Engineer: 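Following this message is one structure expressed as C-alpha cells.
What you see is a predicted model; the values in this text were computed from it and never measured.
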Amino acid sequence: MLRENHRGFKFDWIIIILFLLLVGFGYLNILSASHVGEVTNYFDTTQLYGKQLVFLGLTFVLVILILSFEAKFYERFASIIYLVAILALIGLFIFGKDVNGARSWYGIGSMTIQPSEFAKFATALAVAKYISDLQTNMQTIKDQLRVTAIIFFPALLILLQNDAGSTIVYLAFFFVFYREGLQQIYLIIGLSLIILAVLGLKFGILITAIIVSIVLISVYFFRKKKRGSILQYILVLLISIAFSYGVKLFYEHGIKPHQQNRISLWLRLEKDPAKLERMKKSEAYNLIQSEQAISSGGFSGKGFLEGTRTTGKFVPEQETDYIFSTVGEEWGFLGTSFVVITFVFLIIRILYLAEAQKSQFSRVYGYSVAAILFVHFTINIGMVMGLIPTVGIPLPFFSYGGSGLWGFTILLFIFVKLDSNKINEW
C-alpha cells in the first residue's frame, strides 16, 4: 500500500509553496494573537502559539505520510474512509465533549479532536468515488438524490451537534455537482431562494411579493418565445410568497435568540435604538472589535506584535475565527491583500490542475477541494469584515487548532498526490 514506483511522479510545487506561505504567515499571526507579554520560549506548550508549533511539526509528518500512499489508495478506500468519518461523527453524541455549547469534540487528555474537520475530505472522497462510477449519471434524479445524500448525512450530524458553521460548508459540493453535469436550473433555484429569504426578512412579505411580480412580468414580456402558461407564473409567485413567509416564521420561532440577533444586525432589521445598542454590546461585540482592529492597521499595519487591540485582547476568539483581524491590524492593507491573493492563487491553481486530470475521480476531488477552500475563505473573511452574518468557521491553514490544520492539510495533499499520478493514468 505504501510502496510505489515514484519514477514519473512530480508534485506540484506551486501548491506546496502557497501552502507553506499560508501556514507560515498564519503561525506568525497566531503568535501575535495568543502571546501574553514577552515571548521567551516559542515551544512553551502552555501557550497557544507553542501548541500550534507542535501542530505544525506534526502537519509535516502528516504530509509525508499522505504522499507516501499509492494514489489509487484514496479512490479504492474512499467509501471506508467516509464510513469511518460518519461513525466518528455519530460517536460524538455518546462520547463527545461540549465546548461553547457545541458537542463537536473528543477529549484526549488535555487536547481535543474535532471530527467534522476530517469529515470534509472524507465526504469529498466519497462524492468523487460515486460520481466517477461508470453507472453514475448526474443528469438523472436517482443519482442526484444519492450523491446529495452523501453530503446531507454528515452535514445533518454536524448540525445536530450545534455547529451550523461547519454545516454550511457542505453547500460547496453543489458547485462540484454543477461542473459534473447538474442542470443549471438547480443553481438558479438555489440563488433565487437565498435572494427571497433576504428580501422577505429585510422588506417583508408584501414588498417581496411586489418585487417578484415585477420580475415575473418582465420575464413574461421579454420571452417572446416559450412564454408558458400564465398559471405557471402565478404558481411561481405563490411559491415565492409561501417560501418568504416560511423563512420569516423560521427566523422568528425556529432559531435561537443569538442567531436571530446576528441576522438582525447583518440586515439592519432592528429599529429600536436601545435594543440595537444592547445587541451591539453582546452579539456584535466581536465584529465591532474586529472591524476596528482591521481599520486601525491602515495601509502597512502597526507591525508584528505591535497591534494594540491584538495584544490588548480586545477581539475574542482572535486566534481562531477572527485571526484575519490580526492580519489587518499588524500587517495592514498589504498583509490582508497578500492573504487574499495567496488564497485566490491557490484555489485557481487547484481548479487548473483539476481540469487537467485524466481521471474523473481526481477531477471531482480537485473541484471539491477548491470549493471547500473557497467557501471557508469567503465566509470567514466576509464574517470578520461584517459582510455576512457571524458564523463559527475557521480560516484554512490560518486559524489556531490542530484538527482544522490537519483536516485542511489532508484535504489538500490528497489532491497533490492524485495530481502527481495523472501521468500514470490512462
Side-chain angles (χ1 to χ4, degrees), residues 15 18-23 25-27 29-30 33 52 55 59 85 89 102 104 114-125 127 151 154-155 158-159 161 163-177 179 194 262 286-287 290 317-328 336 338-351 354 365-416:
I15 286 183
L18 292 172
F19 165 79
L20 292 174
L21 287 174
L22 288 172
V23 296
F25 193 38
Y27 174 74
N29 286 278
I30 290 172
Q52 189 70 11
F55 296 153
T59 296
L89 290 173
S104 304
Q114 188 175 6
S116 61
E117 296 295 345
F118 302 98
K120 296 167 192 172
F121 82 82
T123 304
L125 287 172
V127 166
I151 66 170
I158 293 169
L159 182 62
Q161 294 158 13
D163 187 1
S166 295
T167 304
I168 294 173
V169 175
Y170 284 81
L171 295 175
F173 287 100
F174 285 96
F175 294 107
V176 183
F177 299 164
R179 167 61 183 84
I194 293 173
R262 289 174 180 178
N286 289 26
L287 174 60
S290 172
E317 309 295 335
Q318 191 169 16
E319 69 278 354
T320 54
D321 296 345
Y322 284 86
I323 191 68
F324 193 71
S325 65
T326 304
V327 180
T336 54
F338 170 78
V339 173
V340 171
I341 291 171
T342 305
F343 268 111
V344 170
F345 278 173
L346 176 62
I347 293 168
I348 290 175
R349 182 63 180 175
I350 293 170
L351 291 173
Y365 184 80
Y367 267 89
S368 299
V369 175
I372 291 171
L373 291 178
F374 173 77
V375 169
H376 261 278
F377 156 73
T378 303
I379 292 179
N380 179 273
I381 292 182
M383 172 192 75
V384 170
M385 299 180 68
L387 301 177
I388 62 174
T390 300
V391 293
I393 190 169
L395 185 60
F397 311 118
F398 250 74
S399 295
Y400 168 81
S403 296
L405 178 60
W406 297 334
F408 286 119
T409 298
I410 296 172
L411 177 76
L412 180 63
F413 277 87
I414 287 178
F415 178 66
V416 171

Engineer: What do you reckon, are the aromatic ring centroids of F377 and F374 less than 6.0 Å apart?
Structural biologist: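 No; F374 has its ring centre 6.0 Å or more from that of F377.
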Engineer: Please confirm whether F19 and F397 have ring centers closer than 6.0 angstrom.
Structural biologist: yes
Engineer: Can you tell if the side chain of L346 reaches within under 4.5 Å of the side chain of L22, non-hydrogen atoms only?
Structural biologist: yes
Engineer: How about I388 and T378: do any of their side-chain heavy atoms sit closer than 4.5 Å?
Structural biologist: no
Engineer: Test your reading of the model: is there a side-chain donor-acceptor pair from S403 to the backbone of Q114, 3.5 Å cut-off?
Structural biologist: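 Yes, because the side chain of S403 sits within donor-acceptor range (under 3.5 Å) of the backbone of Q114.
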Engineer: Using atom types as modelled and distance alone, determine if a side-chain donor or acceptor of H376 lies under 3.5 Å from a backbone N or O of I393.
Structural biologist: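 Between the backbone of I393 and the side chain of H376 there is no qualifying donor-acceptor contact (under 3.5 Å).
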Engineer: F177 versus V127: any side-chain heavy-atom pair under 4.5 Å?
Structural biologist: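 They are in contact (side-chain heavy atoms under 4.5 Å apart), so the answer is yes.
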Engineer: May I ask you to decide if D163's main-chain N or O and S166's side chain share a donor-acceptor pair within less than 3.5 Å?
Structural biologist: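 Between the backbone of D163 and the side chain of S166 there is no qualifying donor-acceptor contact (under 3.5 Å).
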Engineer: Do the side chains of V327 and F398 get nearer than 4.5 Å, heavy atoms only?
Structural biologist: yes
Engineer: Between S290 (side chain only) and V384 (backbone N and O only), is there a donor and an acceptor less than 3.5 Å apart?
Structural biologist: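 Yes, the answer is positive, given that a donor and an acceptor are paired below the 3.5 Å cut-off.
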Engineer: Does Q52 reach the main-chain N or O of G26 with its side chain, forming a donor-acceptor pair under 3.5 Å?
Structural biologist: no
Engineer: Taking the ring centre of each residue, are W406 and F118 less than 6.0 Å apart?
Structural biologist: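 Judged by ring-centre distance (under 6.0 Å), W406 and F118 do not meet the cut-off.
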Engineer: When you compare the side chain of I372 with that of F121, does any pair of heavy atoms fall below 4.5 Å?
Structural biologist: no
Engineer: Could you tell me which non-hydrogen atom of S116 sits nearest to which non-hydrogen atom of Y170, and how far apart they are?
Structural biologist: O-OH, 4.3 Å
Engineer: With a 4.5 Å heavy-atom cut-off, do I323 and Y400 have their side chains touching?
Structural biologist: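 With C-beta onward as the side chain, the pair stays apart.
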Engineer: Could you tell me whether the side chain of N380 and the main chain of D321 form a donor-acceptor pair under 3.5 Å?
Structural biologist: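 Confirmed, N380 side chain pairs with D321 backbone.
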Engineer: When you compare the side chain of I15 with that of F413, does any pair of heavy atoms fall below 4.5 Å?
Structural biologist: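 No; the side chains remain at least 4.5 Å from each other.
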